[in-house]
Amino acid sequence: MRYVIVGAGPSGVIAAETLRKVDRSGDITLIGGEPGPPYSRMAIPYYLSGGIDESGTLIRKDADHYDALDIRYVHGLAESVAPADRRLTLEGGEAIAYDSLLVATGSSAVRPPVPGLDRPGVHTCWTMDDARAIHDLAREGADVVLIGAGFIGCIILEALVERRVNLTVVEVEDRMVPRMMNAAAGAMLKRWCEAKGVRVLTSTRVTAVEDSGNGGGPLRVSVDPGAPMRADLVVVATGVRSNMDFLDGSGVKTATGIVVDDRLATSVDGIYAAGDVAEGPDFSGGWMVHAIQPTSADHGRIAALNMAGRGARYQGSLIMNVLDTAGLVSASFGKWQGTDGGDFAEAADEAGYRYIRLAFDGDHLIGALCVGRTEHVGVLRGLIQSRVALGAWKARLQADPHRIMEAYLANTQA
Amino acid sequence: MQRSLHIVPELCTGCLQCEMACSYDNEGVFNPAKSRIKVFNFHDQGRFVPYTCTQCAEAWCMMACPVDAISVDAATGAKVVSDVLCVGCKVCTIACPFGTVNYNSTSGKVIKCDLCEGDPECAKACPTSAIQWVDANWTGLDRMRTWAAKTDAGTQATAH
Amino acid sequence: MSWTRTILRVDLTNGTCAPEPLNMGWAMKYLGQRGLATKYFVEETDPKVDPLSPDNKMIMATGPLTGTCASTAGRYSVITKGALTGAIACSNSGGFFGNEMKNAGYDMIIFEGRAPNPVYLLIQNDDARLLDASEFWGKSVWDTEEGIKAKHQDPLIRVASIGVSGEKGCKFACVVNDMHRAAGRSGVGTVMGSKNLKAVAIRGTLGVAVDDAPRFLAAADAGKKVLADNAVTGQGLPTFGTQVLMNVINETGALPTRNSREVQFDGAKDISAEAMAEKRVSDGKANLITNAACFACTIACGRVSAIERTHYTVAERPQYQVASGGLEYEAAWALGAATGVNDLDALTFANFICNEQGMDPISLGATVGAAMELFESGAIGTAETGGIELRFGSAEALTQVTELVGLGEGFGVDVGLGSKRLCEKYGNPDLSMTVKGQEFPAYDPRGIQGMGLTYATANRGACHLRSYTVASEILGVPEKTDPLTTDGKAALVKAFQDATAAVDSSGLCVFTTFAWTLDDIAPQIDAACEGSWSTDTLLEVGERIWTLERQYNLDAGFTGKDDSLPKRLLKDAAKTGPAKGLVNGLDKMLPEYYQLRGWTADGVPTNETLQRVAL
């Protein structure tokens with residue numbers, strides 16, 4: 001068997017390793033889109049904040065790891081796929097034949113249509129190259145404007161704060177991390193950031209980025225509403241999109257991401273998709289691009305098992321996120337927004353920067369959102385994903401939603 | 001023969017000697033807040049439940065780690081966090097459905113039970129044998145394993 | 001190490017909290033907790049101060065071993081001038097609060113002044129803030145504790161608070177932590193209430209270090225083994241709790257019954273440890289659910305109990321149909337034998353209320369016993385009691401009055417005065433079974449002679465925990481003495497008083513001394529702390545502390561005349577049991593005791609003595 005994996009992020013690497021586990025003699029090729037060994041984007045903020053060097057971002061630390069598993073790791077960007085011929089073509093023309101292909105190409109940062117975002121000094125923060133550039137420009141005391149206070153933006157924000165830059169965050173929506181936080185939690189995050197000296201402009205749009213004078217000098221960032229500001233560096237963190245253009249004409253069905261079934265198979269025989277590029281089964285129902293590490297790992301493993309003919313079915317993963325915003329940790333799980341007619345439990349300690357919201361569907365927890373809590377947060381996943389029938393504990397959680405660990409133990413370890 | 005921590009809540013008096021032994025071994029001071037094993041007190045029922053990582057086969061924490069900072073100790077089967085490699089991203093803390101991986105804001109790393117290289121301090125410190133160190137095949141962890149399987153949204157069950 | 005070397009000083013009047021370094025010179029002389037906090041207290045306050053004045057101070061103090069893995073090392077004490085007694089007060093509590101204070105980085109917290117409005121103190125390591133407590137004022141200990149945890153969204157916050165009784169000025173209000181552990185005696189909760197301080201809530205995550213860790217761990221392990229191998233600490237206390245004593249003391253003829261009119265209680269077996277463990281016919285369950293430990297305790301004598309759901313006290317009130325702190329011996333005695341009530345669930349309920357509203361069950365039960373005698377003798381009637389038929393043996397009367405005291409309502413206000421003030425108010429001072437204004441506990445000095453001297457000389461007023469000679473006179477620890485004789489008791493009392501003062505200053509629980517001597521304790525302190533701590537050093541420290549407390553009381557206006565016992569114990573002989581025909585022989589023991597202490601015939605330490613103990 002010839003297995004080809006396009007994309008060397010966590011999903012691709014785990015898929016390659018899983019394939020080797022279940023098929024000791026198969027031919028495995030792992031194709032990375034960036035130079036250097038496979039690394040984890042998750043680690044970039046910690047590289048930026050100086051906690052680790054570049055080697056600390058590597059998915060596997062042992063330089064011989066891929067050779068030792070007889071995984072051929074090559075560098076290249078996919079250009080097209082010809083399913084009829086079971087052939088992948090790379091940019092530059094190299095053709096690679098496969099029996100089974102996994103698309104794990106992830107996503108790329110996108111820049112909104114704002115004039116001037118192509119200027120020097122404006123960077124997305126997605127690849128290792130981006131990180132190196134920001135690393136050089138985000139010096140202590142530098143004026144930095146971060147466009148976008150979504151999940152990625154907030155992770156970078158942490159690193160920028162640690163680099164002691166003079167930071168302004170501009171978010172077009174009415175709160176920070178709008179996809180992960182409700183109004184109460186988003187407001188708490190904003191207050192926290194402001195207390196740490198970060199200027200946070202919500203409901204604000206960047207309208208232009210211009211040279212403030214002579215070329216090469218500081219930039220001038222115009223916003224609406226508000227006065228223009230000076231910036232030595234502008235970081236764009238307004239979103240990403242799936243890397244699937246190369247599938248045009250292949251017949252592989254795509255929507256927000258590549259549409260896969262519960263075996264991570266695409267609409268085309270012999271082609272699978274995994275990770276941030278895949279629109280896979282969601283635990284809470286439906287199909288969704290998660291773009292989170294645990295889902296990528298699950299995808300990589302399940303896709304590989306199916307590529308090797310092991311017939312693994314995937315019941316869907318739970319969307320969850322954890323975020324450290326300049327020292328304030330928040331986490332969200334599943335359908336924290338709740339469901340129509342469902343019950344909630346909510347508690348906020350504004351002074352102590354602690355917030356929790358639980359969403360129930362009948363006797364079950366279906367989602368949770370918490371700020372300022374790091375103890376035993378994973379149990380929220382356990383409560384949701386193992387569909388614990390809460391019984392009397394539902395009322396107790398409604399009275400004090402922080403008793404999640406007790407609720408879990410009382411219902412599972414009794 | 002690998003061994004496991006076997007917990008018998010009925011024998012626990014809630015003294016927290018396990019938390020002190022654990023924190024002392026890992027942190028060099030007595031600090032229950034940093035213990036890898038925690039005793040939960042159901043005070044209106046008179047129940048104390050010690051709880052820590054079962055070193056589950058699924059190893060969600062390990063699978064979720066983006067930088068390979070969690071590995072299996074071949075001798076004990078423990079999933080062990082490398083302080084050198086951990087970047088503190090906390091993904092494992094939300095991935096572990098038992099809530100037994102926690103972020104330590106002082107060190108900026110995550111902490112979890114590592115079975116003390118095969119000689120768990122909590123079991124040695126327990127005055128009532130509520131925490132025992134037993135042959136893994138013997139018994140006891142079934143309750144948690146049952147729930148481990150339930151949490152498994154099909155991602156592992158067919159993989160073995 | 002072992003000490004955090006930091007004090008938190010809280011000025012309630014001005015609403016400020018500030019850390020300051022611990023006086024290590026004093027720590028070397030007074031160790032910690034009871035001794036060290038008393039030293040601070042004596043140095044900083046006027047002995048003539050009104051206990052309820054803003055000029056009184058209140059100190060919460062841990063010992064150097066608090067927060068370590070030494071068995072029972074989770075204790076803290078509340079030191080102040082007692083509202084019940086006007087004497088030096090030091091009430092010791094277990095649970096988990098002491099460890100939390102230590103882990104937050106403080107050896108002690110000194111409260112001074114009075115808050116203009118109700119406040120609570122929230123400590124998260126170095127972040128200490130006084131917060132508005134108006135939402136908790138008027139609430140019980142239980143609601144306050146749960147409310148604070150919910151408000152700050154942290155179930156691991158540890159809380160010490162007062163109930164409504166402490167707000168309303170009940171003289172024997174206590175400070176309750178962890179739902180049902182209490183700094184119980186002398187009205188320390190009353191002082192806290194007078195300061196408008198509802199609660200202290202702590203979350204500490206800094207860790208506690210010891211000086212010589214390997215040596216300390218070895219010493220602590222050796223100590224734990226001694227406790228495990230000892231019949232009392234290894235089996236009796238975990239199985240039966242302190243209630244193991246109920247039948248023993250009753251058979252000894254030393255169970256003060258119906259306000260000490262008798263020394264044996266025919267209902268003792270119904271309220272004993274054995275009765276708590278017995279399965280009821282009705283529902284097949286026992287009153288006792290399990291035993292429970294305080295922080296670090298390998299003995300685990302604590303009781304967790306539940307009341308039968310159909311019992312009159314809880315049938316209509318589901319909030320009490322839960323497990324909670326069960327009867328300890330002193331509480332079972334006071335609520336039961338002292339009042340002649342043998343309804344175990346009624347006593348358990350009264351005990352719940354004591355925990356819920358923060359009242360000392362010893363003072364409460366003993367005062368109810370005195371009130372019952374006042375009632376039966378006609379000194380008070382239903383006009384005073386609000387219609388309650390306050391007769392010995394009436395469970396309903398006991399639980400009704402207990403709830404009234406808890407809420408500071410009706411006749412509860414009178415009972416909340418404590419036995420001494422109550423009996424004086426109604427013209428029968430001799431019916432008060434108190435010394436220095438404090439109700440004595442569960443051992444009748446006619447049947448256990450040494451306890452007469454113990455009560456008479458205890459610095460905080462009548463108390464068993466200042467020199468628990470019961471250990472020797474009944475249990476034979478460290479060696480058996482005859483409970484019916486006064487011979488040798490002065491020396492025994494002094495030895496126990498000095499040793500106990502040291503233990504109470506260490507962070508350890510005095511119950512360890514059923515098995516441990518200072519020879520077991522000294523190596524643990526010596527390894528944990530800087531300085532040199534031998535058995536002899538600890539005895540010196542103990543005597544120094546005792547003398548310091550004595551000197552404070554003398555300065556406060558007490559004299560040797562207050563080292564006395566109620567007339568009933570000195571004049572009315574025991575009617576039954578082994579002590580039949582005996583009164584307490586205090587007159588034989590007291591002069592010898594003064595002499596051994598190096599005090600004058602009036603009970604005043606001589607200059608030589610003060611120099612000897614290095615005061």
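Every chain is numbered from 1, with letters handed out A, B, ... down the list of sequences.
Evaluation of the side-chain hydrogen bond (donor to acceptor under 3.5 Å, both in side chains) rule for C/E20 yields C/R9 as partners, not counting sequence neighbours.
Contacts with chain C (heavy atom to heavy atom, under 4.5 Å) involve no residue of residues 148-173 of chain A. Contacts between residues 330-364 of chain A and chain C, defined by a heavy-atom separation under 4.5 Å, are made by A/A347, A/A348, A/D349, A/A351, A/R354, A/Y355, A/I356. Of all residues in residues 99-132 of chain C, those placing a non-hydrogen atom less than 4.5 angstrom from a non-hydrogen atom of chain A are C/R129.
Heavy-atom neighbours of C/R317 CZ from other residues, nucleotides or ligands within 6.0 Å: above the threshold of 12.
Per-residue heavy-atom pair counts under 4.5 Å with chain C were compared for A/M405, A/R403, A/H402, and the maximum is reached by A/H402.
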